[in-house]
Protein chains: 2
Amino acid sequence: MSRLKTTHDVFSAIGEPKRRLLIEQLVIKEMTVNELVDIFDWSQPTVSKHLGVLKKVKIVSERKEGRFRYYRIQPDELRPIQEWMHQFEKYWGSTMDQLDNYLNQIQVKGIDSEH
Amino acid sequence: MSRLKTTHDVFSAIGEPKRRLLIEQLVIKEMTVNELVDIFDWSQPTVSKHLGVLKKVKIVSERKEGRFRYYRIQPDELRPIQEWMHQFEKYWGSTMDQLDNYLNQIQVKGIDSEH
DNA sequence: TTGACATATTCCGATATAGGAATATGATAG
DNA sequence: CTATCATATTCCTATATCGGAATATGTCAA
């Protein structure tokens, strides 16, 4: 009766803490499953399964090399999150806003100095 | 045997599509439960429950006025997400990066003009 | 070719979650 | 004070999710 979503989207994929940790590692450089197992001290199936979720939503891609599989981040897939966050930036005076303000100041100065 | 997290954090809270929609409305202006019910055409308990989750993680706050309850966004609570996203910005050339580059240019110019 | 290695997959049990329906709570109007 | 309105809460069911354990798959090395 209750209709629940089956496919993970990017937002729910990063809802899982372990997956965020995996992402934080893979954004540094591509790594194999066992390297991640060693770093986090999780079971190999746990790592593989979470990578599977991230792969399904395209946050990571896979490169096979012999019996190893190197996983890496695909940052573009995370842009929807960044774009969604935009709506809040005006409230908290983000770095972007600060730069934006700075930019406006510069422009005003520029216009002034033309007179 | 399996230890799963019980408390929602901000990241998992925005993993739910309906909750993101609620947030998108409430960021515009504070609203009551029934206003949200009318906008989305969801059941009242559905709206109240999702607001409950958002309230628990402090993404929204509640203001009681008679029998109404006005909900509003607390943008600061979403900053951890924005900050977490920072690690990817260098890859996709965000607006912030563009402004940052611009800022660097300006600074260089400024230093130059001092000589 | 066979054994060891790297990784994926399957099966299972415990818990979490979303939504519906019904009901409870609390406040106001009349 | 009582009926109604606004909202929360409880109970239930279906499904999703995570992790462990065991096993399957595929590849290399000796």
Side-chain angles (χ1 to χ4, degrees), chain A residues 1-23 25-26 29-73, chain B residues 1-23 25-26 29-73:
Chain A
M1 226 147 266
S2 33
R3 193 101 283 261
L4 301 180
K5 80 179 171 346
T6 300
T7 48
H8 309 246
D9 67 344
V10 174
F11 286 90
S12 66
I14 69 157
E16 224 287 333
K18 283 193 170 72
R19 284 198 286 267
R20 287 200 299 281
L21 291 171
L22 287 172
I23 290 169
Q25 279 301 314
L26 294 177
K29 64 178 179 69
E30 65 174 10
M31 297 182 81
T32 66
V33 175
N34 269 343
E35 285 178 301
L36 293 164
V37 166
D38 289 345
I39 288 175
F40 292 114
D41 202 36
W42 303 333
S43 78
Q44 175 263 312
T46 290
V47 172
S48 282
K49 285 173 195 167
H50 282 305
L51 287 174
V53 174
L54 294 175
K55 195 171 59 175
K56 187 183 292 183
V57 301
K58 313 271 186 63
I59 293 178
V60 304
S61 61
E62 193 194 39
R63 178 172 71 82
K64 292 180 190 168
E65 188 174 318
R67 30 182 178 172
F68 302 91
R69 301 201 187 182
Y70 286 90
Y71 287 90
R72 74 162 71 219
I73 294 290
Chain B
M1 227 150 261
S2 32
R3 193 100 285 261
L4 300 180
K5 80 182 171 343
T6 300
T7 48
H8 308 247
D9 66 346
V10 174
F11 286 89
S12 65
I14 68 157
E16 223 288 332
K18 283 194 170 71
R19 284 198 287 266
R20 286 200 299 281
L21 291 171
L22 287 172
I23 290 170
Q25 279 301 314
L26 294 176
K29 64 178 181 64
E30 67 174 10
M31 297 182 80
T32 66
V33 176
N34 270 344
E35 286 177 302
L36 293 165
V37 166
D38 289 344
I39 288 175
F40 292 115
D41 201 37
W42 304 333
S43 79
Q44 176 264 310
T46 290
V47 172
S48 282
K49 284 173 195 168
H50 282 304
L51 287 173
V53 173
L54 294 175
K55 195 171 59 176
K56 186 183 293 183
V57 300
K58 313 269 186 60
I59 293 178
V60 304
S61 61
E62 195 194 35
R63 178 173 72 81
K64 291 179 191 169
E65 186 175 319
R67 33 183 176 172
F68 301 91
R69 302 203 187 180
Y70 286 89
Y71 287 90
R72 73 163 70 219
I73 293 292

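Lettering follows sequence order; numbering is per chain, from 1. As a basis for the values below, the full set of heavy atoms in this structure was taken, side chains included, without hydrogen atoms, waters or symmetry mates. Keep in mind it's a predicted model, so treat the numbers as computed, not measured.
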Phosphate-side-chain proximity, [X] and [N], N/O vs OP1/OP2 below 4.0 Å:
| X | N | answer |
| --- | --- | --- |
| A:H50 | D:dT17 | no |
| B:S43 | C:dA21 | no |
| B:R19 | C:dA18 | yes |
| B:R69 | D:dA8 | yes |
| A:K18 | D:dG19 | yes |
| A:S48 | C:dT9 | no |
| A:N34 | C:dT7 | yes |

For this session: Identify, between A:E65 and A:V53, the residue whose nearest nucleotide on DNA chain D lies closer to the 5' end.
Result: A:V53
Starting at atom [atom1] of [X], determine the distance to atom [atom2] of [N], rounded to an integer number of angstrom.
| X | N | atom1 | atom2 | value |
| --- | --- | --- | --- | --- |
| B:D41 | C:dG19 | CG | P | 13 Å |
| B:Q44 | C:dA21 | CD | P | 13 Å |
| A:F68 | D:dC28 | CZ | C1' | 9 Å |
| B:R67 | D:dT4 | CZ | P | 12 Å |
| B:L51 | D:dT7 | CG | P | 10 Å |
| B:Y70 | D:dA8 | OH | P | 13 Å |
| B:M31 | D:dA6 | CE | C1' | 15 Å |
| B:R63 | C:dA27 | CZ | P | 16 Å |

For this session: Name the nucleic acid region contacted by B:E35, choosing base, sugar-phosphate or nothing; use a 4.0 angstrom heavy-atom cut-off, strictly under.
Result: nothing
For this session: Look at all strands and tell whether A:Y71 reaches a base, only sugar-phosphate, or nothing, counting heavy atoms closer than 4.0 Å.
Result: sugar-phosphate
For this session: Go through the steps to decide whether B:D9 and A:R20 satisfy the test side chain to side chain contact (heavy atoms under 4.5 Å, CB included), and finish with yes or no.
Result: CA-CA 13 Å; B:D9 66 346; A:R20 287 200 299 281; 3.0 Å; yes
For this session: Spell out yes or no: do the side chain of B:E16 and the base of C:dA18 have one donor N/O and one acceptor N/O closer than 3.5 Å?
Result: no
For this session: Begin with the C-alpha distance, continue with both residues' side-chain angles, and end with the deciding distance and a verdict on side chain to side chain contact (heavy atoms under 4.5 Å, CB included) for A:I39 and A:L21.
Result: CA-CA 10 Å; A:I39 288 175; A:L21 291 171; over 6 Å; no
Exercise. According to the interplanar angle, ranging from 0 to 90°, do the rings of B:F40 and B:W42 count as parallel (below 30°), tilted (30 to 60°) or perpendicular (above 60°)?
Worked result: parallel
For this session: Could you check if a side-chain atom of A:L26 sits within less than 4.5 angstrom of a side-chain atom of A:L51, using non-hydrogen atoms only?
Result: yes
Exercise. Between B:V60 and B:L22, does a side chain to side chain contact (heavy atoms under 4.5 Å, CB included) hold up when you go through it step by step?
Worked result: CA-CA 10 Å; B:V60 304; B:L22 287 172; over 6 Å; no
